Every structure is written in C-alpha cells, then in structure tokens.
S.K.: 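I'd like to ask you about the structure that follows.
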Amino acid sequence: MPRHLVTAVMEWFGDAARDLPWRDPDCSPWGVLVSEVMLQQTPVVRVEPAWRAWMERWPEPADLAVADQPEVLRAWGRLGYPRRALRLQECARALTDRHGGAVPSATEELLALPGVGEYTAAAVRAFAFGERDVVLDTNVRRVIGRAWNGTAYPRAHLTRAERSFAAGLVPEDRDEAATWNAAVMELGALVCTSRAPQCAQCPLESDCTWVAIGRPGLGEGAGRSQAWHGTDRQVRGRVLAILREAVDPVALETHPALADVDPGQLDRCVTSLVEDGLIRPASGAAYSL
DNA sequence: AAGACGGGGTA
DNA sequence: TACCCAGTCTT
C-alpha cells in the first residue's frame, strides 16, 4: 500500500484547507451535523451563509426542535431538497427526546437519526468527534478511484470492495485519520474535480495511476443528464418558492406564476408536497407552508 | 438496485 | 445548454 500518497495529501491540506466555519475547533457537534446535512448535494459556497444564519437562530438542537416549521423552511431557502429541512428538525427533536439535546458519537445512534445516512454518520464522527472512521463521499471516491485505481469516475453505488479499500487507506492514528478524511475530501473538492481536474496543482500528480495511464475516460462517466425543465421536481420547487415568499395562504391553481403548469401535474405536485409535510391546506383552496 | 428528490454556479 | 454537487429514503 503506497502510504506516501496519504502523507502527501495530508501535507497539501495544511496549506490548501479552506477556512470554513464548521471546521472551527470551537464549532459544536450540532454545528457540524447541520453543515453535513446542508452539504448533502448542495455546494459549500451556497451552504455557508445559510449555515451561519441557521446556527445563529437555532444554536442548539433544543432550539430547532421547538421552531415553527414555516420559519424552518424559509430559513432553508433555496438550498434545495427541502425535505432535508424537515428531517433536520425531526433530527433535532430526536436529539432532545433521546439524547438529552446532544449529538451522539456512536454510529448506530447517528444512523437512527432522521436524515443521517452512512456518509453523514461517518462525517460527524470524524469531524465533530475526531473518531477514526471511513468517510466516503463522491469527492473521496473520485480521488481514490483515480489515484489508486486509475478510474475516472466512481460507480453509481458504493460496493463492499470499495468501502474496504478506502478503509485500508485511513491512517491508524486517530488524529491522522481525522486529518486524512478532511484532506482527501478537500482535494476532491478543489483539485481532483469531476469535470476539469487541476492535475498540475495536485500533490499526487507524480504518483497518480490515472494520470500515469493518460487520464482515460474524462468527461464520459457522466451518465444521462437528469431531466429538469418541466419535471415534477421543478414544479414542486416553484410552488414552494411561492409559498416561502407569501404572507397569507395562496390559491395555487389560479396563481399567475403557475399558469403555464399543466393542471394535472400541478395537482399531483401539490398532493405530494402535502404528503411530504412541506405544505398544508389552508382556508378554501389555498395552501401555506 | 433503481428512482425520486432542488437549485444555482460554471464551462 | 449540460453537467455538477460533503446523500438519503422509499419501493
């Protein structure tokens, strides 16, 4: 196992690490957990201001647990996947109910929390508690795949073999493990990017298997572009955007900003939003957060 | 194992 | 315009 690659990434991180508020040594485990949930599919630059406002408003799980849902959804704003906001509040309630208002450090307890899956549980353990764990997000998988395995893009699903290989890279030492997890993720986010990797800036360039074989497959593994325009997801987003801005309940089916939406699709989306608990029927045929 | 689920920045 | 992003949950 070429350990010197691991060392090179950790040394690179010493100079290149971004100064992010949830990396502050004084940041609470709750702050780390909030950041990780927000960062699920939303880039750092958009999360940072929302995270600061969120933490100022609800500094502890107990604060968020008793917040009004419409306020929570408005604070979530345009981060996307708003069901995460509801899960985060459910998570806060679970923390106050089951864990005395604190974030647990045991994997099993973390995984039992709403909105916390394999990645987030590992990330909280590593970044909030300094535990030695295997943190595998899309960045880490891409770096390992390229530098050690010579593949341009990771598979759609995490395999047992991939998890096992990544585990073998994590340093035995607790502090080094924590540094490695943050460092390799940062390398994937800043240098070993998906579309346009900056190999000339990479500490692994001279040791990278993928570079050695000529960087094959760049731009290929992209898969089919996910449809967006006119999808239910887009319509749901538009409905939510209207209700976030509204002071009073809104009659959606006659709303001018939704006039171009097929009535059947609009009805389907409104129904699903109600089922998801994101909106609720108000007076008459109007809806609100 | 596959599909659903937001939204905006970037090339 | 197309692609990408610190994933999770449901079926």
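Here the structure is a predicted model, which is why all the values come from computation and not from measurement. By convention in this document, chain letters (A, B, ...) are assigned in the order of the sequence lines, proteins followed by strands, and residues within each chain are numbered from 1.
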S.K.: Please confirm whether the backbone N or O of A/Cys192 pairs with a side-chain atom of A/Arg142, one donor and one acceptor, at under 3.5 Å?
M.R.: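 Here the side-chain-to-backbone pair exists.
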S.K.: Between C/dC5, B/dG8, C/dA6, which nucleotide gets closest to the side-chain atoms of A/Glu186?
M.R.: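 Of the options given, the side chain of A/Glu186 lies nearest C/dA6.
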S.K.: Check whether more than 12 heavy atoms from other residues, nucleotides or ligands sit under 6.0 Å from atom CZ of A/Arg98, and answer yes or no.
M.R.: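 Count over threshold, so yes.
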S.K.: Counting C-beta onward and ignoring hydrogens, is there a side-chain heavy-atom pair between A/Trp76 and A/Trp54 closer than 4.5 Å?
M.R.: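 Yes; the side chains approach each other to less than 4.5 Å.
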S.K.: Do any of residues 244-276 of chain A sit with a heavy atom less than 4.0 Å from DNA chain C, and if so which?
M.R.: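 The answer is none.
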S.K.: Between the protein and nucleotides 9-11 of chain C, which nitrogen or oxygen pairs are less than 3.5 angstrom apart?
M.R.:
| from | atom 1 | to | atom 2 | distance (Å) |
| --- | --- | --- | --- | --- |
| C/dC9 | OP1 | A/Gly115 | N | 2.7 |

S.K.: Which whole number of Å gives the distance between the P atom of C/dA6 and that of B/dA4?
M.R.: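 Pairwise P distance, C/dA6 against B/dA4, rounds to 23 Å.
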S.K.: Under 3.5 Å, side chain of A/His99 to main-chain N/O of A/Gly101, donor-acceptor pair present?
M.R.: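 No; zero donor-acceptor contacts below 3.5 Å.
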S.K.: Categorize A/Thr138 for me: base, sugar-phosphate, or nothing, with a 4.0 angstrom heavy-atom threshold over every strand shown.
M.R.: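 Sugar-phosphate, backbone atoms only, no base.
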S.K.: Kindly point out which of B/dG8, B/dG6, C/dC3 is positioned nearest to the side chain of A/Arg236?
M.R.: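 Among the listed nucleotides, the one closest to the side chain of A/Arg236 is B/dG6.
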S.K.: Within this structure, what is the CZ-to-P distance between A/Arg155 and B/dA1, rounded to whole angstrom?
M.R.: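 About 11 Å, once rounded to whole Å.
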S.K.: Any non-hydrogen side-chain atom of A/Val34 less than 4.5 Å from a side-chain atom of A/Met38?
M.R.: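 Sidechains of A/Met38 and A/Val34: in contact.
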S.K.: Over how many whole Å does the gap from A/Leu190 atom CG to C/dA6 atom P extend?
M.R.: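 Computing the A/Leu190:CG to C/dA6:P distance gives 9 Å.
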S.K.: Could you work out which one of C/dA6, B/dC5, B/dG6 sits closest to the side chain of A/Arg23?
M.R.: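 My answer, after comparing the listed nucleotides, is C/dA6.
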S.K.: Where is the tightest heavy-atom contact between A/Ala128 and A/Pro29, given as atom of each residue plus distance?
M.R.: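 Taking every non-hydrogen atom into account, CB-CA, 3.8 Å.
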S.K.: At 4.0 Å (heavy atoms only), tell me whether A/Leu240 reaches a base, stays on the sugar-phosphate, or touches nothing.
M.R.: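 Result for A/Leu240 = nothing.
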S.K.: OP1 or OP2 of B/dG6 versus the side-chain N and O atoms of A/Arg238: is any pair under 4.0 Å?
M.R.: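 No, outside the criterion.
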S.K.: To the nearest Å, how far apart are A/Gln234 CD and B/dG8 C1'?
M.R.: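 That distance rounds to 13 Å.
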S.K.: Could you check whether A/Arg142 gets within reach of a base, just the sugar-phosphate, or nothing at all, counting any heavy atom under 4.0 Å?
M.R.: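 Here A/Arg142 touches the backbone only, sparing every base.
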S.K.: Closest nucleotide of DNA chain B for A/Arg83 versus for A/Ala196: which of these residues is on the 5' side?
M.R.: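 The residue whose closest nucleotide sits nearer the 5' end is A/Arg83.
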S.K.: Send over the distance from A/Arg195 CZ to C/dC4 P, rounded to a whole Å.
M.R.: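 Spelled out: CZ on A/Arg195 to P on C/dC4 is 5 Å.
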S.K.: Using a 4.0 Å heavy-atom cut-off, does A/Trp22 contact any base of the nucleic acid, only the sugar-phosphate backbone, or nothing at all?
M.R.: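 If one applies the 4.0 Å heavy-atom cut-off, A/Trp22 turns out to touch a base.
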S.K.: In this structure, how many angstroms lie between the C1' atom of C/dA6 and the CG atom of A/Leu187, rounded?
M.R.: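 These atoms are roughly 14 Å apart.
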S.K.: Looking only at atom P, what distance separates B/dG6 and C/dT10, rounded to whole Å?
M.R.: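 Comparing P positions in B/dG6 and C/dT10 gives a spacing of 14 Å.
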S.K.: What is the distance, rounded to the nearest whole Å, between atom CG of A/Leu110 and atom C1' of C/dG7?
M.R.: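 Between C1' of C/dG7 and CG of A/Leu110: 15 Å.
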S.K.: Decide yes or no, distance alone: a donor-acceptor N/O pair under 3.5 angstrom between the base of B/dG6 and the side-chain of A/Arg233.
M.R.: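 By the distance-only test, yes, there is a pair.
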S.K.: In residues 36-49 of chain A, what residues come within less than 4.0 Å of DNA chain B, judged by heavy atoms?
M.R.: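 Nucleic-acid contacts, sorted: A/Gln41, A/Thr42, A/Pro43, A/Arg46.
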S.K.: To the nearest angstrom, how far is A/Asp137 atom CG from C/dC5 atom P?
M.R.: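 Spelled out: CG on A/Asp137 to P on C/dC5 is 9 Å.
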S.K.: Could you walk me through whether A/Thr151 and A/Arg146 pass the side chain to side chain donor-acceptor pair (under 3.5 Å) test, one step at a time?
M.R.: CA-CA 5 Å; A/Thr151 54; A/Arg146 286 176 179 173; over 6 Å; no
S.K.: If you assign A/Glu118 and A/Ser194 each to the DNA chain C nucleotide with the nearest heavy atom, which residue ends up on the more 5' nucleotide?
M.R.: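 Upstream on the strand: A/Ser194.
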S.K.: For A/Leu136, answer base if it contacts any base atom (sugar-phosphate contacts may also be present), sugar-phosphate if it contacts only those atoms, and nothing otherwise; contact means non-hydrogen atoms under 4.0 Å.
M.R.: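 Nothing, no heavy atom under 4.0 Å.
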S.K.: Taking the side chain as C-beta and beyond, is there a heavy-atom pair between A/Asp232 and A/Ser272 under 4.5 Å?
M.R.: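 Not in contact.
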S.K.: Evaluate the side-chain proximity of A/Leu110 to A/Val103: yes if any heavy-atom separation is below 4.5 Å, no if none is.
M.R.: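 Result yes, sub-4.5 Å side-chain heavy-atom pair found.
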S.K.: Give a yes or no answer on whether the side chain of A/Asn181 reaches the backbone of A/Ala123 with a donor-acceptor pair at less than 3.5 Å.
M.R.: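 Checking the backbone N and O of A/Ala123 against the side chain of A/Asn181, no donor-acceptor pair under 3.5 Å is found.
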S.K.: In whole angstroms, how far is the P atom of C/dC5 from the CG atom of A/Asn139?
M.R.: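 Distance check: A/Asn139 CG to C/dC5 P gives 7 Å.
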S.K.: Kindly say if A/Thr120 contacts the phosphate of C/dT8, meaning a side-chain N or O under 4.0 Å from OP1 or OP2.
M.R.: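 Affirmative; the distance criterion is met.
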S.K.: Please identify which of these residues, A/Val274, A/Val250, A/Ile242, meets the side chain to side chain contact (heavy atoms under 4.5 Å, CB included) condition with A/Tyr287.
M.R.: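 The side chain to side chain contact (heavy atoms under 4.5 Å, CB included) with A/Tyr287 is passed solely by A/Val274 among A/Val274, A/Val250, A/Ile242.
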S.K.: Sub-3.5 Å donor-acceptor pair from the side chain of A/Asp262 to the main-chain atoms of A/Gly264, do we have one?
M.R.: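 It does hold such a pair.
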S.K.: Is there a side chain to side chain donor-acceptor pair (under 3.5 Å) between A/Tyr81 and A/Arg233? Walk through the geometry before answering.
M.R.: CA-CA 9 Å; A/Tyr81 294 115; A/Arg233 277 207 292 186; 3.0 Å; yes
